[in-house]
Each structure stands twice: as C-alpha cells, then as structure tokens.
**Student:** 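The structure follows.
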Amino acid sequence: MFSLEFLFCHVDDFCKAFESQWHKKLLVHGGIRRIRARSLCLSEIMTILIAFHQNHYRNFKHFYLNHVKQQWSCAFPGLPSYQRFIEWIPSTLIPLCVYLKHCFGRCTGIGFIDSTCLKVCHNRRISRHKVFEGLASRGKTSVDWFFGFKLHLVVNELGQLLNVVLTPGNIDDRQPVPDLLSDLFGKIFGDRGYVSQKLASQLLQEFGIKFFAKPRRNMRNHLMHLHDKLLSRKRSIIETINDQLKNISQIEHSRHRSPVNFCVNVLCGLIAYCHQPKKPSLQMEWLLPQSA
C-alpha cells in the first residue's frame, strides 16, 4: 500500500546526505547571483514527482491540481502554482539519478537482462517531431518499428533493479551490456537479441560473468547444466517488470515537452517501481540441494 510518509522520509534522509555533498562540488560562477528560496524543499519536490507514478494517474497536471493541492495541502503547506512547480522539475534531474542508484537492489548472482522501447511519438509524426530532434532515433522491436529510446534493464530473481541504461532506439542491445554488468557477478540470462560468442567471452574474462543468451532457431543447441536451463526459462520475469513499468509506473508517453522532463519522468517511474512493496519474483527453493 502507498504511504506518503514512508516515501517522504526515505527521500528526505537521502537528500540530507546528498545536498551537502552536491553543493560542495557545484561550479561557482563569477559575479553576484540571487538565489531565491523556494516554498518547497528538494525532498518535497522529489516526493511529489515520485508519488505521481505510484497513484495511477495518467496526467500529472490532473494529479497536481486535483490530488496534491486538494488532499495533500496539509502535508505540503508551501505548494506553489502548477506552472511554478513545472519550472522546478529540471532541477531534480541529478538528485533523481543518484537516488535511483540508492534504490537499486543487491546482486545475488542471478540476473536477467532485457530492453524495452520508449516511444516519444507516433511513427506518422516523426517528420514533424522537434522535441527530441537529434536525440531519439528510429528502432525496431520484435513487433514493429518505433521512434524514441531503449531502456536496458538488469534485474535479479527478486524483481529488484540492479542497473539501467538509456540509449537511442537504433542502438544494438548488445552494445551497452558491458556497462550494465560491470559491477555485477554470477550468471546473467538474456533473449535471442544478445546472442554473441564474443560478448560472452568478454564478460567472462573481464568480469567473471557467465552470460547465457537464448539461441536462435537456426543455431545448434549447446549443452547446459540443468539449473542453467531451468533459469533461462524464467526470463519472463523481466518482461513482466517491463510491462509494469509502462502500465503502472508510466515511464512511457508521447506528451513530453522537453528532454529533461522526459528523463525525470523515466527516473521517477523507475524509483516508484523500486518502492513497490510486491514485485514479480521467482521461487528459488528448487535450486537448493535437497537435505537427506
């Protein structure tokens, strides 16, 4: 169940430790510049942005005006106008990036990797689309062509996010894999899009990771341990997570007015999923040796 108090306390504890270190490393510009104090602190702004993805609203303006302003006015006494709040959103990009890392789960030695498309406009409007000009690109999934980005994910068997990477839509799924897995260990399972003997050898030599990709139909089957074969059949867990990120956390929509707000929306959706109390998970008791 969603708890505003729990979310705010978790975000506020992070901001107290982060802001002091962040301000020390900011570049100082010459001259006198006035910094006007805001009626909401950073943790309150981040809490509202993340809470939007946990309350099943489809439109942030409706959520802010009809839910935050009317029902949470006591919790946030300094609420500004909607337009003023929108102007504050870009300032949360860096803190949200660091906070997402703070919310990642721990590596257990078993991981599943996949990518999902994030469309930013309909294919018929690609020639007229200007917001992501030079950033987004046209890519292809197993279903259809799209214009936008790819979100690459690694999760463990508990459904916890371990790492994420965002790339343009035309990037090969295998390209960001070394960056995704550089801090992990154990066994990683992917689909047919990750088939590459060179990549598997690189991951084994550099990180000690055993990488398993589902063979294509025209390839010979290789001998695998029974446990590895059974785990490879459980890869549907990450597809379930991708579905929840899009339909519950709402990381994808085509109404973005700026690239920064797009990134903030994706980050808040991922963070909202990390705070989700019940995540898709696998029962792994069958992997443990049976006692005599």
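We count residues from 1, following the sequence as given.
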**Student:** Ile126: what forms a side-chain contact (heavy atoms from CB on, under 4.5 Å) with it, not counting sequence neighbours?
**Tutor:**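 With neighbours one apart ignored, the set is Cys121, Asn123, Arg138, Phe147.
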**Student:** I need the Phe6 CZ to His275 NE2 distance, nearest 0.5 Å.
**Tutor:**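 Spacing of CZ (Phe6) from NE2 (His275) equals 6.5 Å.
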**Student:** What residues, two or more places apart in sequence or in another chain, satisfy salt bridge (charged side-chain N to carboxylate O under 4.0 Å, His left out) together with Asp183?
**Tutor:**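 With neighbours one apart ignored, the set is empty.
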**Student:** Determine the sole option in Leu49, Val164, Ile50, Leu93 for which the side-chain contact (heavy atoms from CB on, under 4.5 Å) test with Leu267 is passed.
**Tutor:**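 In the set Leu49, Val164, Ile50, Leu93, the residue that makes a side-chain contact (heavy atoms from CB on, under 4.5 Å) with Leu267 is Leu93.
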**Student:** Which residue pairs pass the salt bridge (Lys or Arg N to Asp or Glu O under 4.0 Å) test when at least one of the two sits in residues 86-106, sequence neighbours left out?
**Tutor:**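 Output for this query lists Arg84-Glu87.
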**Student:** What's the shortest heavy-atom distance between Lys279 and Gly159, and which atoms?
**Tutor:**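 Looking at all heavy atoms of both residues, the shortest contact is CD-O, 3.5 Å.
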**Student:** With distance as the sole criterion, is a donor-acceptor pair present between the side chains of Asn242 and Thr116 under 3.5 Å?
**Tutor:**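 Result is no, nothing qualifies.
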**Student:** Residues in salt bridge (charged side-chain N to carboxylate O under 4.0 Å, His left out) with Lys119, at least two apart?
**Tutor:**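 Result, salt bridge (charged side-chain N to carboxylate O under 4.0 Å, His left out) vs Lys119: none returned.
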**Student:** Of all the heavy-atom pairs spanning Ser91 and Arg38, show the shortest one and how long it is.
**Tutor:**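 In this case the closest contact between Ser91 and Arg38 is OG-NH1, 3.0 Å.
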**Student:** Say you draw a straight line from NE2 of His122 to CZ of Phe146; how long is it, rounded to the nearest 0.5 Å?
**Tutor:**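 Going from the NE2 atom of His122 to the CZ atom of Phe146 covers 14.0 Å.
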**Student:** Who pairs with Glu44 by side chain to side chain donor-acceptor pair (under 3.5 Å), at least two apart in sequence or on another chain?
**Tutor:**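 Glu44 satisfies side chain to side chain donor-acceptor pair (under 3.5 Å) with no residue once adjacent residues are dropped.
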**Student:** Looking only at heavy atoms, what is the nearest atom pair of Ile89 and Val264, with distance?
**Tutor:**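 It is CG2-CG1, 3.8 Å.
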**Student:** So, His62 and Tyr57: side-chain donor and acceptor under 3.5 Å apart, yes or no?
**Tutor:**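 Per modelled atom types, His62 and Tyr57 side chains form no pair under 3.5 Å.
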**Student:** Determine whether a donor-acceptor pair (N or O, by modelled atom type, separation under 3.5 Å) exists between the side chain of Lys69 and the backbone of Pro80.
**Tutor:**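 Answer holds: yes.
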**Student:** Any donor-acceptor pair under 3.5 Å linking the side-chain atoms of Gln283 with those of Glu157?
**Tutor:**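 Not at all, the side chains of Glu157 and Gln283 share no donor-acceptor pair under 3.5 Å.
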**Student:** For Phe149, run the side-chain contact (heavy atoms from CB on, under 4.5 Å) check against Asn170, Val120, Ile171 and tell me which one passes.
**Tutor:**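 Looking at Asn170, Val120, Ile171, the match for Phe149 under the side-chain contact (heavy atoms from CB on, under 4.5 Å) is Val120.
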**Student:** Apply salt bridge (charged side-chain N to carboxylate O under 4.0 Å, His left out) to Arg174 and list each qualifying residue two or more places apart in sequence or on a separate chain.
**Tutor:**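 Partners of Arg174 under the salt bridge (charged side-chain N to carboxylate O under 4.0 Å, His left out) test: Asp172.
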**Student:** Over all heavy atoms of both residues, which pair between Asn265 and His256 is shortest? Give the atoms and the distance, please.
**Tutor:**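 Taking Asn265 first and His256 second, the nearest heavy atoms are CB-CE1, 3.8 Å.
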**Student:** With a 3.5 Å distance limit and no angle check, can you tell me whether His253 reaches the backbone of Arg255 through a side-chain donor-acceptor pair?
**Tutor:**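 Answer holds: yes.
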**Student:** If we ignore hydrogens and angles and just use 3.5 Å, is the side chain of Asn156 paired with the main-chain N or O of Gly111 as donor and acceptor?
**Tutor:**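 Flag not set: sc Asn156 to bb Gly111 has no pair under 3.5 Å.
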**Student:** Kindly compute the distance separating CG (Leu96) from SG (Cys268), expressed to the nearest 0.5 Å.
**Tutor:**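 With rounding to 0.5 Å, CG (Leu96) is 4.5 Å from SG (Cys268).
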**Student:** Given Phe189, which partner from the list Phe212, Tyr194, Phe211 fulfils the ring-ring contact (aromatic ring centres under 6.0 Å, His included) test?
**Tutor:**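 Going through the options one by one, the only one that passes is Phe212.
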**Student:** Taking Leu161 as the fixed residue, which of Ile271, Val154, Leu270 is the one that meets the side-chain contact (heavy atoms from CB on, under 4.5 Å) rule?
**Tutor:**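 Answer to the side-chain contact (heavy atoms from CB on, under 4.5 Å) test with Leu161 among Ile271, Val154, Leu270: Leu270.
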**Student:** So does Asp114 pair up with Arg235, basic N to acidic O under 4.0 Å?
**Tutor:**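 So Asp114 pairs with Arg235 through a salt bridge.
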**Student:** Using modelled atom types and a 3.5 Å cut-off, is there a donor and acceptor pairing between side-chain atoms of Thr141 and backbone atoms of Val143?
**Tutor:**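 Yes; judged by distance alone, with no hydrogens or angles, the pair exists.
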**Student:** Measuring from atom CD of Gln83 to atom NZ of Lys61, what distance do you get when rounded to the nearest 0.5 angstrom?
**Tutor:**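 Those atoms lie 8.5 Å apart.
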**Student:** Going by side-chain contact (heavy atoms from CB on, under 4.5 Å), Thr47 matches just one of Phe8, Phe52, Trp72. Which one?
**Tutor:**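 Only one of Phe8, Phe52, Trp72 forms a side-chain contact (heavy atoms from CB on, under 4.5 Å) with Thr47, namely Phe8.
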**Student:** Going by distance alone, is a donor N or O of one side chain under 3.5 Å from an acceptor N or O of the other, for His152 and Thr167?
**Tutor:**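 Yes - a donor-acceptor pair under 3.5 Å links their side chains.
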